[in-house]
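To start, the structure under review is shown below, and the notes come after it.
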Amino acid sequence: MFHRILVPLDGSAPAERALLVAARLARSLNGALILVRVVQPSFQSATFLSPALEMETQILPENLDRATAYLAGVTQRPELAGIKCETVVLVGYPAEMILNVVQSGQADVIVLCSHGRTGLLRWVLGSAAQRIVHQAPVPVLVLHQQGPAPTTDDQRPLRALVPLDGSWLAEAALGSAATLVSLLAPQGQRIVHLVRVVKSPPVESEAAPKPSPEARAREAALLEAQDYLSRTAEYLQRGPLAQLQVETTWSALVDQDVAGALVNLAQRVPTATSTEDMGSFDLIAMATHGRGGLHRWVMGSVTERVLSATKLPLLVIRPQEVIVTNRLNAEPSIREMVLT
C-alpha cells in the first residue's frame, strides 16, 4: 500500500505542495513517485473537420517538450533527493488521463492539491475532480492550497478523523487512514479517531418529566453508536492496527447536519452535543460508499461541503466494487476489511 504515489502537476506552485507529502510517503516505504502532467488539447484548433493527428502536429510538440522539461526539473529538486521518480506526460483531459494511469495498475495512491493553475482548479473543484475521487480505485489524498499539510512534531501526535456509519463499507477507510498516519508520524504519535454522527430530529424539551418518543429514540441511537465505536476501537487496538502501533480513540455525536458536525469536530468547534475539546486533527479520512448516511456524505453534496468548508487534508477511499459485488449476501467483519 502507498508504494507508488501518483502526483498530478500543472506547473503551478500550489499544485507542487503535494510533492512534500508524497516525498515523505515514498521515503517511509522506499517507494516511488509518479509525476504526471497532462497537456490538454487546444479548443482553438479542434473543429469537427480537424482530425486529431492534424491538431497534434500543429500544437502539441512544443507543449509536450515544455511539459517534459518541467517534470525533469522537478525530479532534480532537493526535497526529492534519493527518491525514485518516474515522469509521465499525457495528452488529453486531466481526469480521464489520471484515471487511465491509475487503472492500469501503475499507482497505489494519488496525492494532489485542491488548487492549481487552470487544469488542477477544474480537476478538484469541478466535475473532473468528482470523477477522480469517485472512480479512482486507489485512495486519493486531497490537500488544500491554503491548508496545513499532515505533519507532526515532538509536541503533538498526528491525528486522523475517520467518520463511520456502522457499515463495513465505511470501515474500509480505516486501513488506509491508519497506514497513512503510521507512515507520516513516528511511533507513539499516531492516533486514529473514530466518529459516528447520529442524525436525529431535534427534541423540544429534554427536561420534561417523561421523555418523548423522539428523545428516547435519539438516546437509544446514541448509545448504540457509542457501543459500536467502543467495540470497534477496542478490536482495532488489539487486532489489525496493533502492527501499525496506532492509538484508537472515538466519539459519538448527535446532529441534524452531518457535514457540519464533521467539520466542527475537525476544527475543534464545540457542538450542542459535545463541548469536549478533543484536540486538533491533521486530516480526515472517508470511504466513498457506506450504508445510509455515509453514502450521502461522500457521494453527494455533503462531501463537497466538507471539502470546501475545511482546509484539512481529505483522504478519500473507494472500496473495491468486486468486493462489494461478491459480498452482497454476507456482512464482512472489520477483521476482513480494515486492512484491504
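Position 1 is the first residue of the sequence; numbering continues from there.
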For this session: Show the numbers, then the answer: is there a side-chain contact (heavy atoms from CB on, under 4.5 Å) between I284 and V162?
Result: CA-CA 6 Å; I284 304 172; V162 184; over 6 Å; no

Exercise. Any idea which heavy atoms bring P157 and I191 closest together, and the distance?
Worked result: CG-CD1, 3.7 Å

For this session: Kindly give the heavy-atom pair with the smallest separation between V197 and L262, and that separation in Å.
Result: CG2-CD2, 3.9 Å

Exercise. Do NZ/NE/NH1/NH2 and the carboxylate oxygens of E224 and R196 come within less than 4.0 Å?
Worked result: yes

Problem set entry | Separation of E86 CD from L33 CG (nearest 0.5 Å) | 9.0 Å

Problem set entry | Distance (rounded to the nearest 0.5 Å) between N63 CG and Q40 CD | 10.5 Å

Exercise. Counting distance only, does the side-chain N/O of D255 pair as donor-acceptor with the main-chain N or O of A261 below 3.5 Å?
Worked result: no

For this session: Please test L265 against S251 for side-chain contact (heavy atoms from CB on, under 4.5 Å), starting from the C-alpha separation and ending with a verdict.
Result: CA-CA 10 Å; L265 178 60; S251 62; 4.1 Å; yes

Exercise. Q237 and V246: side-chain contact (heavy atoms from CB on, under 4.5 Å), yes or no, with the steps?
Worked result: CA-CA 7 Å; Q237 195 66 61; V246 175; over 6 Å; no

Exercise. Is a side-chain donor or acceptor of T179 paired with a backbone partner of S176 at a separation under 3.5 angstrom?
Worked result: no

Exercise. Excluding sequence neighbours, so at least two apart, what forms side chain to side chain contact (heavy atoms under 4.5 Å, CB included) with V101?
Worked result: L6, L90, Q106

For this session: Report the C-alpha separation of T68 and R66 in whole Å, then their side-chain angles, then the decisive distance to 0.1 Å, and conclude whether the side-chain contact (heavy atoms from CB on, under 4.5 Å) test is met.
Result: CA-CA 5 Å; T68 300; R66 187 180 298 112; over 6 Å; no

For this session: Please tell me if the side chains of L194 and L236 come closer than 4.5 Å, counting only heavy atoms from C-beta onward.
Result: yes

For this session: Output yes when a side-chain donor or acceptor of N264 lies under 3.5 Å from a complementary backbone atom of G260, and no otherwise.
Result: yes

Exercise. With a 4.5 Å limit on heavy-atom distance, are the side chains of F2 and S28 in contact?
Worked result: no

For this session: Can you see which heavy atom on A225 is nearest to which on V198, and at what distance?
Result: CB-CG2, 3.8 Å

Exercise. Side chains of V21 and L141: does their closest heavy-atom pair fall under 4.5 Å?
Worked result: yes

Exercise. Are L315 and M286 side-chain neighbours, meaning at least one heavy-atom pair lies under 4.5 Å?
Worked result: no

Exercise. Do any N or O atoms from the side chain of R37 and from the backbone of D10 form a donor-acceptor pair under 3.5 angstrom?
Worked result: yes

For this session: Look up atom CG in L25 and atom CG in L180, then write down how far apart they are to the nearest 0.5 Å.
Result: 6.0 Å

Exercise. Any ion pair linking K199 and D165 (charged N to carboxylate O, less than 4.0 Å)?
Worked result: no

Exercise. Got a donor-acceptor contact below 3.5 angstrom from the R190 side chain to the L244 backbone?
Worked result: yes

Exercise. When rounded to the nearest 0.5 angstrom, what is the spacing between CD1 in I34 and CD1 in I5?
Worked result: 8.5 Å

Exercise. Is the shortest heavy-atom distance from the side chain of V89 to the side chain of Y70 under 4.5 Å?
Worked result: no

Problem set entry | Where Q103 and Q135 come nearest, the two heavy atoms and their spacing | NE2-O, 4.1 Å

Exercise. Does the side chain of I110 reach to within under 4.5 Å of the side chain of V102, using non-hydrogen atoms?
Worked result: yes

Exercise. When hydrophobic residues are tied together by side-chain contacts of less than 4.5 Å, even through go-betweens, does V138 share a cluster with L99?
Worked result: no

For this session: Answer yes or no: is there a donor N or O on one side and an acceptor on the other, between the side chain of S230 and the main chain of Q226, under 3.5 Å?
Result: no

Exercise. Which pair of heavy atoms, one from A15 and one from C113, lies closest together, and at what distance?
Worked result: CA-CB, 3.9 Å

Exercise. Got a sec, which residues hit side-chain hydrogen bond (donor to acceptor under 3.5 Å, both in side chains) with E234, two or more places apart in sequence or on another chain?
Worked result: none

Exercise. Could you give the distance from CG (D108) to CZ (R4), rounded to the nearest 0.5 Å?
Worked result: 7.5 Å

Exercise. Under a 4.5 Å cut-off applied to non-hydrogen side-chain atoms, are L161 and H193 in contact?
Worked result: yes

Exercise. Which atom names give the shortest non-hydrogen contact between A160 and V181, and what distance separates them?
Worked result: CB-CG2, 3.6 Å

Exercise. Hey, does L80 have a side-chain heavy atom less than 4.5 Å from the side chain of C85?
Worked result: yes

For this session: Taking Q189 for its side chain and R156 for its backbone only, find out whether a donor-acceptor pair lies under 3.5 Å.
Result: yes

Exercise. CZ/R24 to CZ/R27 distance, rounded to the nearest 0.5 angstrom?
Worked result: 10.5 Å

